[in-house]
Amino acid sequence: MGASQARRARVMMAPFMDYVAPSKVVSTMLDAGAAKAAASLRDLVIRGFLAGALLGFATSLAITTTVQTTLPVAGALVFPVGFVMIILLGFELVTGNFALLPMAMLDKRVTLWQLLRNFGVVFSANLAGSLFYAWLLSISLTMAGSVPPDAVANKIVAIAQAKTQFPQYGLAGLLGVFVRSILCNWMVCLGVAMPMTSTSTVGKIAAAWLPILVFFAHGYEHSVVNMFVIPAGMMLGAKVTLADWWLKNQLPVTAGNFVGGCLFTGMALYFTHKPKPEAAAATPAPPELAAPLPASAPALVLVPEPPVLELLASEPEPTSEREPAAATDSA
């Protein structure tokens, strides 16, 4: 095989040979948590706003696909496109940060104030982006109120009403929604961590797609998805109040998302794959086992010149040609 063919083969196999070990993934997660904690207010607002809007796009796409195909799993298959865009572009999703920042704080890279600042700003920015897209979509689906809601709009209304009806089951309903929220963000935060197992774009997309498909196909509760779908349903005519939205869904779902992301993804990966210090640094090797030091470069030895007297003493005797002249002079 020629050099060009070997190079072409390496390029073709690159997406399949770029696996990153879990211990290095945890190191990357810790670095990401520290970077997110240190991000400026402007960056958190912009990235959080765009993440909320993109997740709204993905949710409306999934609902449209479900309506068109009558197959909920079809909607689950396409929903991860929004999440993948968020991951690849480095936007801020508060549910993903529920895993990254607590583990970075445990590793003493993030302070409690930085964690609370990030959560508060990103949550608000996600909400703003979700509401903005919900408003635009409601205008699009009804031609600014000129036409009655279509099948997609009616589906959004039904979802918004269903998500705020669990209190009819009492505490069991509250527990059920809380557990659904834990399970949801367990998968969502795996969707944040798993792309770090690959260094190629194709690998990152595939790794993010899998857990997000799992959560959406099960119908679990995601805080930022609900920031879009419940207000969108309200704008389209759902019989849901602000109190219904926040007390019956948004607040308990956010709490469950925190538990799922923090404990079952962030802390779990941290404790089992936490990077360990190098053995050589922790326990130096005995002298007899230590690697020999590299040989030093040969020194430049300066040889002093012989003294002047030695030079005079070592001069050769006068040649025979000068002897007659010497005799003449003496005469």
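Keep in mind the model is a prediction, meaning the values are calculated, not measured.
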Cluster question for you: counting only ILVMFWY and a side-chain heavy-atom cut-off of under 4.5 Å, with indirect links fine, are [X] and [Y] together?
X      : Y      : answer
Val78  : Ile156 : no
Phe57  : Trp135 : yes
Val259 : Leu93  : yes
Val45  : Leu115 : yes
Leu269 : Phe271 : yes

- Kindly determine whether Val84 and Trp209 satisfy side chain to side chain contact (heavy atoms under 4.5 Å, CB included), including the steps that lead there. CA-CA 7 Å; Val84 166; Trp209 208 282; 3.8 Å; yes

Any side-chain heavy-atom pair from [X] and [Y] closer than 4.5 angstrom?
X      : Y      : value
Val152 : Ser60  : no
Met235 : Leu137 : no
Pro149 : Leu141 : no
Leu131 : Met227 : no
Ile46  : Arg42  : yes
Phe98  : Thr254 : yes
Pro231 : Trp245 : yes
Arg109 : Asp31  : yes

- Query: Does Asp244 come within less than 4.0 Å of Lys239, counting only side-chain N to carboxylate O?
  - Reply: no

Going from [atom1] on [X] to [atom2] on [Y], what distance comes out if it is rounded to the nearest 0.5 angstrom?
X      : Y      : atom1 : atom2 : result
Met194 : Met187 : CE    : CE    : 9.0 Å
Ser27  : Lys274 : OG    : NZ    : 10.5 Å
Cys262 : Leu101 : SG    : CG    : 10.0 Å
Arg180 : His218 : CZ    : NE2   : 11.5 Å
Phe264 : Leu190 : CZ    : CG    : 12.0 Å
Leu50  : Leu55  : CG    : CG    : 12.5 Å

Between [X] and [Y], which heavy-atom pair has the shortest distance, and what is it?
X      : Y      : result
Gly75  : Ala62  : O-CB, 3.3 Å
Gly48  : Asn126 : O-ND2, 2.7 Å
Arg117 : Ala37  : NH1-O, 3.4 Å
Met267 : Leu106 : SD-CD2, 3.7 Å
Ala238 : Ala160 : CB-CB, 4.2 Å
Lys36  : Asn118 : O-ND2, 3.3 Å

Mark yes or no for whether [X], through its side chain, and [Y], through its backbone, hold a donor-acceptor pair below 3.5 Å.
X      : Y      : answer
Thr164 : Gln161 : yes
Gln114 : Thr111 : yes
Ser181 : Val177 : yes
Gln250 : Ser223 : yes

- Task: For the pair Phe215 and Leu183, evaluate side chain to side chain contact (heavy atoms under 4.5 Å, CB included) and give the outcome as yes or no after the intermediate values.
- Result: CA-CA 8 Å; Phe215 116 70; Leu183 297 173; over 6 Å; no

- Message: Assess the residue pair Phe79 and Phe216 against the criterion (ring-ring contact (aromatic ring centres under 6.0 Å, His included)); give the C-alpha distance rounded to whole Å, side-chain angles, the decisive distance to 0.1 Å, and a yes or no.
- Response: CA-CA 7 Å; Phe79 172 78; Phe216 201 85; 4.2 Å; yes

- Residue of the set Val67, Asp150, Thr64 for which side-chain contact (heavy atoms from CB on, under 4.5 Å) holds with Lys155: Val67

- Between Ser200 and Asp18, a side-chain donor and acceptor under 3.5 Å: yes

- Does the ring-ring contact (aromatic ring centres under 6.0 Å, His included) test come out yes or no for Phe49 and Phe91, once each step is laid out? CA-CA 9 Å; Phe49 182 92; Phe91 292 155; over 10 Å; no

- Checking side chain to side chain contact (heavy atoms under 4.5 Å, CB included) for the pair Lys163/Asn226: CA distance, chi angles, key distance, verdict? CA-CA 8 Å; Lys163 284 181 174 291; Asn226 292 353; 3.2 Å; yes

- Message: Can you confirm whether Lys204 is buried at NZ, in the sense that more than 12 heavy atoms of other residues, nucleotides or ligands lie under 6.0 Å from that atom?
- Response: yes

- Message: Walk me through whether Asn185 and Glu221 qualify under side chain to side chain contact (heavy atoms under 4.5 Å, CB included).
- Response: CA-CA 8 Å; Asn185 216 34; Glu221 295 286 336; over 6 Å; no

